[in-house]
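The structure appears below as structure tokens.
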Amino acid sequence: MIELAPSILSADFARLAEQVESAAAGGAAVIHCDVMDGHFVPNLTIGPPVVKALRKVTGLPLDCHLMIENPDEFIPAFAEAGADWVSVHQEACVHLNRTLQLVRDHQMQAGVVINPATPVETLTEVLAMVDYVLVMSVNPGFGAQKFLPGSVHKIRRLAELRRQRGLNYRVEVDGGIALNTVAEVVRAGAEILVAGNAVFGKGDPKQNAEKLLKAATEAALEKV
Ligand code: DX5
Ligand code: ZN
């Protein structure tokens, strides 16, 4: 089951509700919200007030990707704002187990994220407690960057580990996903596809989402 998670980072923020609605009409299953603090990543974006505003205009789950230091301090605020899924970076969490437990204690789906330079092996002790693992296929901080192919083997490894250990987390991929990269990540085992620029960059978000989802679904069928 392939799901598309358009990232609002590349959307027109002055028309956010309309843009999200258009992506939803094109088959988006989840709305990906990139939260950046100017410390963990060299950029600043949105926080709980925007999540709260989105909560009122869409019924889709809100997938909040926290690219921030000290995420424990903000997890309750995201829950309060209406976030459904929260992911935290392995690299940002000294007490990763505690942080993931905090997300779960707030009745949200818990995800763990790894940067391009971080190996899958750093997650072996937390795989049993997450709902999803997010593999970054760009260095986080900006939209519209070039896909890093080194992420593909990590997606494959996560799918393999899940089988071996009888776990059921899902694998999400984020960064540079577009018509020319989507088949490769889907064949490797990615199930949730984040796409910012490919959906909101230019043209109609509905049509862009439809095309990307069609390419992903075709690649998934080839896999079988
Ligand atoms: C990057 C963000 C991504 C970004 C993806 O730091 O985490 O979610 O919006 O953008 P594209 O799809 O344009 O690479
Ligand atoms: Zn993201």
Going hydrophobic residue to hydrophobic residue with side-chain gaps under 4.5 angstrom, can you get from Leu9 over to Val199? no

Check Phe200 against Ala23 and note the closest heavy-atom contact, atom names and distance. CZ-CB, 3.9 Å

Side-chain donor/acceptor of Glu3 to backbone N/O of Ala29, under 3.5 Å: no

Is the shortest side-chain heavy-atom distance between Val50 and Leu16 below 4.5 Å? yes

If every non-hydrogen atom of Val194 is compared with every non-hydrogen atom of Glu172, which pair is closest and at what distance? CG2-OE2, 3.3 Å

Over all atoms of both residues, closest heavy-atom pair of Gly82 and Val51: C-CG1, 4.4 Å

Taking all non-hydrogen atoms of both residues, which atom of Pro71 and which atom of Leu66 are closest, and how far apart? CB-CD1, 4.2 Å

Working to the nearest 0.5 angstrom, can you tell me the gap between Leu134 CG and Ser87 OG? 5.0 Å

Any donor-acceptor pair under 3.5 Å linking the side chain of Asp131 with the backbone of Gly111? no

Are the side chains of Thr45 and Met67 in contact, using a 4.5 Å heavy-atom criterion? no

Stepwise side chain to side chain contact (heavy atoms under 4.5 Å, CB included) test for Ile114 and Glu91: CA-CA 7 Å; Ile114 46 173; Glu91 304 85 1; 4.1 Å; yes

Any luck finding a side-chain donor-acceptor pair between Gln101 and Asp105 under 3.5 Å? yes

More than 12 heavy atoms from other groups under 6.0 Å of CD on Glu125: no

Would Arg162 and Val171 count as a side chain to side chain contact (heavy atoms under 4.5 Å, CB included) if you check the C-alpha gap in whole Å, the side-chain angles of each, and the deciding distance to 0.1 Å? CA-CA 10 Å; Arg162 177 175 58 195; Val171 180; 4.1 Å; yes

I want to check something: taking the side chain as every heavy atom from C-beta on, are Gln90 and Leu96 in contact at a cut-off of under 4.5 Å? yes

Is the shortest side-chain N to carboxylate O distance from Asp204 to Lys211 below 4.0 Å? no

Test of understanding: clusters of I, L, V, M, F, W, Y form through side-chain heavy atoms closer than 4.5 Å, transitively. Do Leu193 and Ile31 belong to the same one? yes

Just so I know, are the side chains of Ile177 and Val173 near enough to count as touching, which here means a heavy-atom distance under 4.5 Å? yes

Here the pair of heavy atoms bringing Pro140 nearest to His89 is CG-CE1, 4.0 Å

Side chains of Leu161 and Leu167: closer than 4.5 Å at any heavy-atom pair? no

One pair to check against side chain to side chain contact (heavy atoms under 4.5 Å, CB included): Phe78 and Val35. What are the steps and the verdict? CA-CA 10 Å; Phe78 281 98; Val35 178; 3.7 Å; yes

Okay, side chain of Ser22, backbone of Glu18: is any donor-acceptor separation there less than 3.5 Å? no

Hey, are the side chains of Phe147 and Val152 touching, using non-hydrogen atoms and a 4.5 Å cut-off? yes

Between Glu80 and Lys52, does the salt bridge (charged side-chain N to carboxylate O under 4.0 Å, His left out) criterion hold? Intermediate values first, please. CA-CA 8 Å; Glu80 176 79 10; Lys52 191 174 173 188; over 6 Å; no

Is there a side-chain contact between Phe74 and Asp37 in this structure, where contact means two heavy atoms from C-beta onward sitting under 4.5 Å apart? no

Please check if any side-chain donor atom of Thr99 sits under 3.5 Å from a side-chain acceptor atom of Asp72, or the reverse. yes

Flag the pair Lys206 and Glu210 as a salt bridge only when some basic side-chain nitrogen lies within less than 4.0 angstrom of an acidic carboxylate oxygen. yes

Are there more than 12 heavy atoms of other residues, nucleotides or ligands under 6.0 Å from atom CD of Glu121? yes

Asn70 meets the side-chain hydrogen bond (donor to acceptor under 3.5 Å, both in side chains) criterion, sequence neighbours left out, with none

Would you say Met36 and Leu44 make side-chain contact, with heavy atoms under 4.5 Å? no

Residues at least two apart in sequence or cross-chain that pass salt bridge (Lys or Arg N to Asp or Glu O under 4.0 Å) with Glu160, listed by chain then number, are Arg157

Straight-line distance of Leu179 CG to Lys214 NZ, nearest 0.5 Å: 10.0 Å

Please determine whether residues Ile8 and Val138 belong to a single hydrophobic cluster, defined as Ile, Leu, Val, Met, Phe, Trp and Tyr linked transitively by side-chain heavy-atom distances below 4.5 Å. no

Could you report the tightest heavy-atom contact between Trp85 and Val30, atom names first, then the distance? CH2-CG2, 3.6 Å

Hey, what do you get for CG (Leu54) to SG (Cys64), rounding to the nearest 0.5 Å? 8.5 Å

Just by distance, do the side chain of Asn197 and the backbone of Gln145 share a donor-acceptor pair under 3.5 Å? no

Under 4.5 Å between side-chain heavy atoms, counting indirect links through other Ile/Leu/Val/Met/Phe/Trp/Tyr residues: same cluster for Val135 and Leu4 or not? yes

Go through the side-chain N and O atoms of Asp34 and Ser7 and say whether any donor and acceptor fall under 3.5 Å apart. yes

To the nearest 0.5 angstrom, please state how far the CG atom of Asp174 sits from the OG atom of Ser151. 10.5 Å

Would you please say whether a donor-acceptor pair under 3.5 Å links the side chains of Asp63 and His65? no

How many angstroms lie between atom OH of Tyr169 and atom CG of Leu158, to the nearest 0.5 angstrom? 5.0 Å

Roughly how far, to the nearest 0.5 Å, is the OH atom of Tyr132 from the CD atom of Glu191? 13.5 Å

With no hydrogens and no angle check, do the side chains of Thr58 and Glu21 hold a donor and an acceptor under 3.5 Å apart? no

Before giving the answer on side chain to side chain contact (heavy atoms under 4.5 Å, CB included), spell out for His32 and Ile192 the whole-Å C-alpha distance, their side-chain angles and the decisive distance to 0.1 Å. CA-CA 10 Å; His32 187 82; Ile192 307 163; over 6 Å; no

Kindly work out whether a path of hydrophobic side-chain contacts (I/L/V/M/F/W/Y, heavy atoms less than 4.5 Å apart) joins Leu62 to Val88. yes

